[in-house]
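The block underneath contains the structure these notes are about, expressed in structure tokens.
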Amino acid sequence: MPRFITEIKRTHSCGQLTQDDVGKEVVLFGWVANRRDHGGAVFVDLRDRDGLTQVVFEQDVRPEVHETAEKLRLEYCIGVRGKVVSRGGNVNPKLKTGQIEIHAGDLEIFNRSEPTPFPVDDQIDTAEEKRLQYRFLDLRRAPLQRTLMTRARVNHLTRNYFTGQGFLELETPFMVKYTPGGARNFLVPSRLNAGKFYALAESPQLFKQLYMIAGFDRYFQIVRCFRDEDLRLDRQPEFTQIDVEMSFVSQDDVFEVMEGLVRTLWKEVLGVDLPRPFPRMPYDESMARYGNDKPDLRFGMPHVVLTELVRRHQGGGVPLLLDAVNAKGIVKAMRVPASANLSRTEIDKLEEYVKGMGAKGLARAKVNEGGEWTQSPFAKTITPALRQAVNEACGAQAGDLLLFQFGKESTVHTVMANLRVHLAKRMGLIPEYGSGGQWQFLWVVDPPLFELDEESGKWAAAHHAFTRPRDQDVQYLETDPGRVYCWRYDLVLNGFEIGGGSIRLHDPAVQARVFQAMGIGEEEAESKFGFLLDALKMGAPPHGGIAIGMDRLVMLLTGAESLRDVVAWPKTQKGTDLMTGAPGDVDAKQLRELYVKSTHEK
RNA sequence: GGGGUGUUAGUUAAGUCGGUUAUAACGCCGGCCUGUCACGCCGGAGGCCAGGGGUUCGAGUCCCCUACACCCCGCCA
């Protein structure tokens with residue numbers, strides 16, 4: 001009897017055969033996705049990454065093969081040889097291959113399978129903990145296979161696109177020098193240099209700039225990055241960036257190249273034509289209207305900043321608001337349309353929700369026909385003038401609910417930003433994936449170069465120290481650093497930051513003034529970034545670039561609910577790998593070789 | 001570091017007001033079945049109710065602690 005694999009080669013995939021193949025002798029390899037044993041005939045749905053094909057084993061055609069087929073169980077890995085037969089009027093419309101079936105003449109069981117800890121089917125309702133523990137089985141399921149195949153396609157299309165645009169795919173080191181500030185680094189102890197450490201690169205940032213200075217002109221890389229920060233739904237400790245840098249470019253040039261990439265991906269993967277150019281919004285407007293720099297523009301409910309209004313009305317009879325304004329805080333409101341129809345209980349729940357984010361409470365006002373407020377802590381004391389002004393500013397109609405936050409600026413923004421998204425979900429304003437849902441791309445541009453560090457009172461680089469300030473703002477570097485805006489940009493899609501970059505500061509003289517403003521002395525700058533500062537002095541070209549969060553992009557592209565669904569081997573929220581058990585203990589000997597001693601007490 | 005949700009059979013869930021033998025579906029095991037495709041029928045096995053402590057005559061159920069998973073704040077230039 002001939003042997004599968006060595007003598008009998010696979011001829012087709014399980015998603016390939018159609019009516020046109022009827023009569024062919026074919027060989028399929030795959031896994032038993034389902035079996036239906038009717039005694040004299042056994043039906044098996046054979047699965048590979050391409051699809052399902054029904055295979056029939058009949059007792060009175062090949063008794064010995066049928067006998068083996070009776071032993072088949074779910075997830076057995078098998079090879080089948082047989083004839084493609086039309087199913088005539090008995091087609092299965094749910095299957096791509098539903099017009100045909102295979103009448104098996106030969107069968108080999110490559111490997112049996114123990115009962116799997118959860119069903120390997122398309123309906124994923126297994127606890128994620130179990131899925132991550134048996135990730136290889138989870139990945140056998142069609143939805144995850146489709147996602148990873150899309151991811152592979154994104155990789156391929158990206159390489160094609162950039163190569164076609166004259167970019168060079170160049171590599172950068174993972175093991176780099178530790179630099180304080182920014183994201184926390186994973187550290188790698190050096191065996192050959194006692195007491196010294198490498199850091200795993202949080203991005204190729206400085207190296208890609210050095211490629212520009214070296215003259216490579218156009219660089220891209222699909223590269224793994226590492227950051228030892230707390231995890232989120234859209235954050236993994238190791239993640240992949242589509243990293244890009246270009247010489248002799250303006251912000252518009254960068255946008256054009258990147259919009260071209262994104263448009264290509266959406267067209268090729270989804271068949272969607274994205275409008276061009278992508279809209280842009282100044283950073284300050286984004287903060288004011290949406291409370292963060294990554295607004296989801298698929299729905300409205302913008303914030304209304306009332307700080308000036310309250311100031312003008314000297315509090316308008318509401319001491320709390322006046323206090324907030326006098327303490328350099330801000331006041332924001334959001335109009336929730338009457339249609340939301342929030343119950344008292346629901347609003348109380350919202351209050352608990354915002355308190356979890358540091359809010360002191362959730363002031364509210366129900367607007368009635370006359371524009372008066374009810375169910376509001378402000379109702380009794382607020383002056384009609386301020387009330388009317390607020391109603392007008394918010395565009396409040398009878399039946400609407402106004403929600404307020406006031407106090408520390410950053411808290412107000414965070415709370416209101418999350419509240420807006422929370423309510424939109426509750427109100428069903430966010431289109432579901434595949435429902436003709438919109439793709440709201442947005443460039444958030446023109447942010448301040450510095451932000452005030454609340455603890456130290458010092459100006460710190462809002463992004464990194466090598467972002468180019470706007471030429472007209474350079475004059476304020478010494479006198480009013482908060483007034484200096486810069487060539488920094490984020491690409492936002494549906495409320496997720498999927499990329500960010502900047503035009504770099506290539507002028508060493510301005511660079512020195514930026515460090516000065518941040519309180520970084522020449523010596524400190526030299527020790528941290530000496531090599532880059534040297535390089536900037538030796539004919540550095542004007543340059544800029546961007547990095548796209550590839551995992552996030554694929555997550556949104558595929559409608560996945562979490563980064564973990566687009567990363568083949570993800571970590572849990574505590575950074576562990578439930579399959580391998582990483583991170584784990586190491587031998588004392590290894591630690592000694594690395595000059596490392598743990599201070600952890602068990 | 002903080003706030004929230006959850007943990008019951010291999011899986012997904014139910015379990016009322018604290019009450020005596022903890023249910024169901026799917027899966028698994030045995031048997032029957034030649035047109036199923038969520039196959040069907042008959043029979044069966046399967047439980048440290050996450051772990052620990054407490055309240056109680058009595059705890060899956062109430063309280064406290066811990067662990068793990070998930071969501072969020074902080075953090076992530």
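Computed from a predicted model, the values in this text were never measured in an experiment. Letters go in sequence order (proteins before strands), and every chain restarts at 1.
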Discussion item. Under 4.0 Å, counting only non-hydrogen atoms across every strand here, what does A:K94 touch: a base, just sugar-phosphate, or nothing?
Written reply: sugar-phosphate

Worksheet entry | Under 3.5 Å on both distances, the Watson-Crick or G-U partner of B:A69 | B:U5

Item to complete: Just compare B:G27, B:C37, B:G35 and give me whichever is closest to any side-chain atom of A:L74.
Response: B:G27

Worksheet, complete the sentence: Taken to the nearest whole Å, CZ/A:R112 to P/B:C29 is 12 Å

Worksheet, complete the sentence: If pairing means Watson-Crick or G-U wobble with both distances under 3.5 Å, then the partner of B:A45 is none

Worksheet entry | A:R36 bridged to A:D45 by N-O distance under 4.0 Å | yes

Discussion item. Rounding to an integer number of Å, can you tell me how far A:Q123 CD sits from B:A13 C1'?
Written reply: 13 Å

Worksheet item: Which nucleotide in the set B:C71, B:G35, B:C37 lies at the smallest distance from any side-chain heavy atom of A:L233?
Response: B:C71

Worksheet entry | Ring geometry between A:H464 and A:F466 (parallel below 30°, tilted from 30 to 60°, perpendicular above 60°) | tilted

Discussion item. Does A:T414 reach a base, just sugar-phosphate, or nothing at all? Heavy atoms under 4.0 Å.
Written reply: sugar-phosphate

Worksheet item: Just wondering, do A:H38 and B:U36 stack (centres under 5.5 Å, planes under 30°)?
Response: no

Item to complete: Respond yes when some side-chain nitrogen or oxygen of A:R35 is under 4.0 Å from OP1 or OP2 of B:C37, and no when none is.
Response: no

Worksheet entry | Qualifying residue for ring-ring contact (aromatic ring centres under 6.0 Å, His included) with A:F174, from A:F226, A:Y198, A:F186 | A:F226

Practice prompt. Describe the nucleic acid contact of A:D230 in one word from base, sugar-phosphate, nothing, applying a heavy-atom distance below 4.0 Å.
Written response: base

Item to complete: Pick base, sugar-phosphate or nothing for A:T576, based on heavy-atom distances below 4.0 Å to the nucleic acid.
Response: sugar-phosphate

Worksheet item: Contact class for A:D37 (heavy atom, under 4.0 Å): base, sugar-phosphate, or nothing?
Response: base

Discussion item. Classify A:R232 by what it touches in the nucleic acid, base, sugar-phosphate, or nothing, heavy-atom distance under 4.0 Å.
Written reply: base

Worksheet item: What's the closest nucleotide to the A:Q59 side chain, out of B:U34, B:C73, B:C76?
Response: B:U34

Discussion item. It should be established whether A:K574 places a side-chain nitrogen or oxygen under 4.0 Å from OP1 or OP2 of nucleotide B:A69.
Written reply: no

Discussion item. Would the base of B:C37 count as contacting A:N90 through its side chain, where contact means a donor and an acceptor less than 3.5 Å apart?
Written reply: yes

Pairs of donor and acceptor atoms involving the side chains of residues 84-91 of chain A, under 3.5 Å and at least two apart or interchain, shall be tabulated with distances.
| unit_1 | atom_1 | unit_2 | atom_2 | d |
| --- | --- | --- | --- | --- |
| A:S86 | OG | A:Q19 | NE2 | 2.9 |
| A:S86 | OG | A:G88 | N | 3.0 |
| A:R87 | NE | A:N90 | O | 3.3 |
| A:R87 | NH2 | A:N90 | O | 3.4 |

Practice prompt. For nucleotides B:G46 and B:G30, find the distance between their C1' atoms and express it as a whole number of Å.
Written response: 15 Å

Fill in: Protein-nucleotide distance (A:N34, atom CG; B:G40, atom C1'), rounded to Å
13 Å

Practice prompt. Would you name the heavy atoms of A:P204 and A:C225 that are closest together and state the gap between them?
Written response: CD-SG, 4.2 Å

Worksheet item: Any side-chain N or O of A:T126 less than 4.0 Å from the OP1 or OP2 oxygen of B:U11?
Response: no

Item to complete: Quick one: label A:Q573 by what it contacts on the DNA or RNA (base, sugar-phosphate, nothing), any heavy atom closer than 4.0 Å.
Response: base

Worksheet item: Is A:G39 touching bases, backbone alone, or none of the nucleic acid, heavy atoms closer than 4.0 Å?
Response: base

Worksheet item: Using the rule for Phe, Tyr, His and the six-membered ring of Trp, do A:F43 and B:U36 stack at under 5.5 Å and under 30°?
Response: yes

Worksheet entry | Nearest listed nucleotide, side chain of A:A183, among B:C29, B:C76, B:U34 | B:C76

Worksheet item: If we take the C1' atom in both B:G54 and B:G47, what is their distance in whole Å?
Response: 24 Å

Table of protein N/O atoms under 3.5 Å from nucleotides 4-6 of chain B N/O atoms:
none

Worksheet item: What's the CG-C1' distance between A:N292 and B:C72, to the nearest Å?
Response: 14 Å

Discussion item. I'd like to know if A:R36 reaches the base of B:U34 with its side chain, counting only an N/O donor and acceptor under 3.5 Å.
Written reply: no

Discussion item. In whole Å, measure the gap between the C1' atoms of B:C39 and B:G27 for me.
Written reply: 16 Å

Worksheet item: Is the closest side-chain heavy-atom distance between A:F515 and A:E524 below 4.5 Å?
Response: no

Worksheet entry | Side chain A:R235 and base B:C75 donor-acceptor under 3.5 Å | yes

Discussion item. At less than 4.0 Å, is any side-chain N or O atom of A:K130 found next to OP1 or OP2 of B:U11? Yes or no.
Written reply: yes

Discussion item. Does either side chain, that of A:Y219 or that of A:D243, offer a donor lying less than 3.5 Å from an acceptor on the other one?
Written reply: yes

Fill in: Length of the line joining A:D234:CG and B:C71:P, which is rounded to integer Å
9 Å

Worksheet item: Does A:N92 make a side-chain N or O approach to OP1 or OP2 of B:U36 shorter than 4.0 Å?
Response: no

Worksheet item: When only distance counts, do a donor and an acceptor, one from the side chain of A:R227 and one from the base of B:C76, lie under 3.5 Å apart?
Response: no

Worksheet item: How far, in whole Å, is B:U61 from B:U20 if one measures between their P atoms?
Response: 14 Å

Item to complete: Measure centre to centre between the rings of A:Y178 and A:F197, then say whether the value is under 6.0 Å.
Response: no

Worksheet item: Using a cut-off of 4.0 Å on non-hydrogen atoms, how would the nucleic acid contact of A:E352 be classed: base, sugar-phosphate, or nothing?
Response: nothing

Discussion item. Over all strands shown, is A:A127 touching base, sugar-phosphate only, or nothing at heavy-atom distances under 4.0 angstrom?
Written reply: sugar-phosphate

Fill in: Rounded distance (Å) that lies between atom P of B:C75 and atom CZ of A:F226
25 Å

Worksheet item: Is A:E75 salt-bridged to A:R47, going by a charged N under 4.0 Å from an acidic O?
Response: yes

Worksheet item: Would you say a side-chain N or O of A:R564 is under 4.0 Å from OP1 or OP2 of B:C71?
Response: yes

Worksheet entry | A:R224 bridged to A:D551 by N-O distance under 4.0 Å | no

Discussion item. Could you report the tightest heavy-atom contact between A:G500 and A:D490, atom names first, then the distance?
Written reply: CA-OD1, 3.4 Å

Worksheet item: Can you find a donor-acceptor N/O pair under 3.5 angstrom joining the side chain of A:E101 to the base of B:G35?
Response: yes

Discussion item. With a 3.5 Å limit on both atom pairs, tell me what B:G10 is paired to, counting Watson-Crick and G-U wobble, or say none.
Written reply: B:C26

